Engineer: 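The structure is given below, and queries will be raised subsequently.
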Amino acid sequence: MDDANGHPGRSDRGPVSRRTVLRAATVSAAALGTAGLTAGPALATAADDRAPRAGRRRVPVDQISIQLYTLRDQLAIDLPGTLAELRRIGYRRVEHAGFVDRTATEFRAALDTAGLRATSGHVEIPQPFDPAAWERTLADAVTVGCRYVVQSWFGMGPDGLPLRDPQAYRQFARDLDQAGRMAARAGLRFGYHNHHLEFVPLTDGRTGFEILAAGTDPRRVHFELDLFWTWRGAQDPVDVIRAHRGRIRQFHVKDIDWLGNFADLGDGMIDFGRIFDRAGEAGVEEYIVERDDAGEAPRQPADALETARKGFVYLSSLRY
């Protein structure tokens, strides 16, 4: 997918293609039940959440962001033009996924020219953990101007299948905790971004998400809850929020269609208002638009800008 600068689809085990990720989704769906593939049962609204909403609440416009992985191919074609278009759409902040073959200083300059801030960035902690390498990653994040750095990926074994070993998750939780401690010293908040893999039952009956939550200090490690991948993991985001109050500082807001595929915001079947009702309970400070396949064939790279526009319009106009 992208390069070693820290994008969601690459792990310490080497590049991971979207096809591999979705194959793992099918495998994990088998482990979770059919809900893991289509998320149909998980999308049914619980009885205690069916009360009509007043529709007076809204997503703060200054908390709307976009994960630049959504526009990765278009950014590679025209970085300054793509960033300028995001600013015209209405975005003021972005979450980076690497620096598009620029240095951190050059990437920051491109953002400044466009009038954008990279308040968050997807990174990967070194495996095995290397404090010196992690310090360099944190230094780049400070240069770019990030407030958050977020571990983008974990949970797939070298065979391309979901990890089922609890010990692997326990060790990774220790690494996350150390990374979060160092990030705090650098003035940054450190988070973990989930996919569906963390919700696959492990050999001891727990899930990786449970182990990562229990094995990390909430003061050092928060969660960036990806709403699409949470559904694909057969989990209701509202239940995850209830279980981890105050610890979910960022949402990845992406929609899902009836076949379990990606969709532009508002075109799928996720009731985002129901989830956003819990934003205060969660502790959310950023709503980050993303669509993993926005510029992939048969779509053209520039089509990802339409995904970005629809996402901003949807979030800025939603009342719940």
Side-chain angles (χ1 to χ4, degrees), residues 8 28 32 35-36 39-60 63-65 67 95 119-120 147-148 150-152 154-155 169 173 176 180 189-201 206-256 265-266 268-290 311 314-315 318-320:
S28 60
L32 292 160
L43 288 169
T45 304
D48 62 347
D49 290 314
R50 287 176 181 164
R53 291 185 291 272
R56 296 179 179 176
R57 302 181 67 189
R58 60 189 297 176
V59 175
Q63 293 183 9
I64 298 174
S65 181
Q67 166 52 250
E95 181 178 57
T119 54
S120 184
R147 182 182 185 188
Y148 306 96
V150 181
Q151 169 66 27
S152 59
F154 188 70
Y169 275 96
L176 291 177
R189 293 182 174 181
F190 180 62
Y192 179 81
H193 169 272
N194 69 282
H195 287 79
H196 55 303
L197 304 169
E198 297 87 347
F199 300 111
V200 174
R206 303 175 73 190
T207 68
F209 197 92
E210 290 173 326
I211 291 175
L212 295 180
T216 53
D217 188 331
R219 297 170 298 179
R220 297 173 183 149
V221 182
H222 71 269
F223 291 108
E224 181 179 74
L225 194 67
D226 188 299
L227 304 181
F228 172 96
W229 287 113
T230 300
W231 287 127
R232 284 296 300 256
Q235 304 294 311
D236 185 338
V238 170
D239 291 338
V240 177
I241 290 169
R242 286 171 174 159
H244 303 283
R245 290 179 172 88
R247 199 169 178 185
I248 300 170
R249 296 189 178 275
Q250 298 166 288
F251 281 149
H252 262 199
V253 188
K254 65 179 78 163
D255 218 338
I256 189 170
L265 293 191
M269 60 183 189
I270 294 180
D271 182 352
F272 290 107
R274 173 176 172 266
I275 300 169
F276 295 169
D277 257 341
R278 307 282 179 169
E281 180 181 355
V284 170
E285 298 174 350
E286 286 195 317
Y287 300 75
I288 305 169
V289 174
E290 187 182 30
Y314 179 85
L315 286 183
L318 181 67
R319 301 294 182 269
Y320 56 94

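Quick caveat, the model's predicted, so the values are computed rather than measured.
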Engineer: Are Glu224 and His252 linked by a side-chain donor-acceptor pair shorter than 3.5 Å?
Structural biologist: yes
Engineer: Answer yes when Asp236 and Arg274 have at least one side-chain N-carboxylate O distance shorter than 4.0 Å, and no when they do not.
Structural biologist: yes
Engineer: Quick one: does Gln63's side chain have a donor or acceptor within less than 3.5 Å of a partner on Pro60's backbone?
Structural biologist: no
Engineer: Decide whether Glu286 and Thr119 meet the rule of one side-chain donor and one side-chain acceptor closer than 3.5 Å.
Structural biologist: yes
Engineer: Enter the distance from Leu197:CG to Tyr169:OH here, rounded to the nearest 0.5 Å.
Structural biologist: 6.0 Å
Engineer: Side chain of Arg58, backbone of Leu318: donor and acceptor closer than 3.5 Å?
Structural biologist: no
Engineer: Just one of Val59, Leu227, Ile288 clears the side-chain contact (heavy atoms from CB on, under 4.5 Å) bar with Phe251, so which one?
Structural biologist: Leu227
Engineer: For the residue pair Tyr287 and Phe276, is the inter-centroid distance of their aromatic rings smaller than 6.0 Å?
Structural biologist: yes
Engineer: Taking side chain as C-beta onward, heavy atoms only, is Pro237 less than 4.5 Å from Leu225?
Structural biologist: yes
Engineer: So does Val221 get a backbone contact from the side chain of Arg247, meaning a donor-acceptor N/O pair under 3.5 Å?
Structural biologist: yes
Engineer: Using every non-hydrogen atom in the two residues, find where Ala214 and Arg206 come nearest and quote the distance to one decimal.
Structural biologist: CB-NH2, 4.0 Å
Engineer: Can you tell me how far the CD atom of Gln67 sits from the CD atom of Glu290, to the nearest 0.5 Å?
Structural biologist: 5.0 Å
Engineer: Please assess Tyr148 against His222 for the test ring-ring contact (aromatic ring centres under 6.0 Å, His included), listing each intermediate value before the final yes or no.
Structural biologist: CA-CA 10 Å; Tyr148 306 96; His222 71 269; 5.6 Å; yes
Engineer: I need the Ile241 CD1 to Ile248 CD1 distance, nearest 0.5 Å.
Structural biologist: 5.0 Å
Engineer: Rounded to the nearest 0.5 Å, how far does CZ of Arg56 lie from OH of Tyr320?
Structural biologist: 14.5 Å
Engineer: Rounded to the nearest 0.5 Å, what separates atom CD in Glu198 from atom CG in Asp226?
Structural biologist: 9.5 Å
Engineer: If you measure from the Lys or Arg side-chain nitrogens to the Asp or Glu carboxylate oxygens, is any gap between Arg147 and Glu285 under 4.0 Å?
Structural biologist: yes
Engineer: Could you tell me which non-hydrogen atom of Leu176 sits nearest to which non-hydrogen atom of Tyr192, and how far apart they are?
Structural biologist: CD1-CD1, 4.0 Å
Engineer: Test your reading of the model: is there a side-chain donor-acceptor pair from Asp255 to the backbone of Met269, 3.5 Å cut-off?
Structural biologist: yes
Engineer: Is any side-chain heavy atom of Val200 closer than 4.5 Å to a side-chain heavy atom of Thr207?
Structural biologist: no
Engineer: Classify the ring geometry of Phe199 against Phe209: parallel below 30°, tilted from 30° to 60°, perpendicular beyond 60°.
Structural biologist: parallel
Engineer: Once rounded to the nearest 0.5 Å, what's the spacing between atom CZ of Phe223 and atom CG of Asn194?
Structural biologist: 8.5 Å
Engineer: When you compare the side chain of Arg242 with that of Arg278, does any pair of heavy atoms fall below 4.5 Å?
Structural biologist: yes
Engineer: Determine whether Gln151 and His193 make a side-chain contact, defined as any pair of heavy atoms from C-beta on separated by less than 4.5 Å.
Structural biologist: no
Engineer: Looking only at non-hydrogen atoms, find the nearest pair between Ala213 and His244 and report the distance.
Structural biologist: CB-CE1, 3.4 Å
Engineer: Quick check: do Gln250 and Val150 have side-chain heavy atoms less than 4.5 Å from each other?
Structural biologist: yes
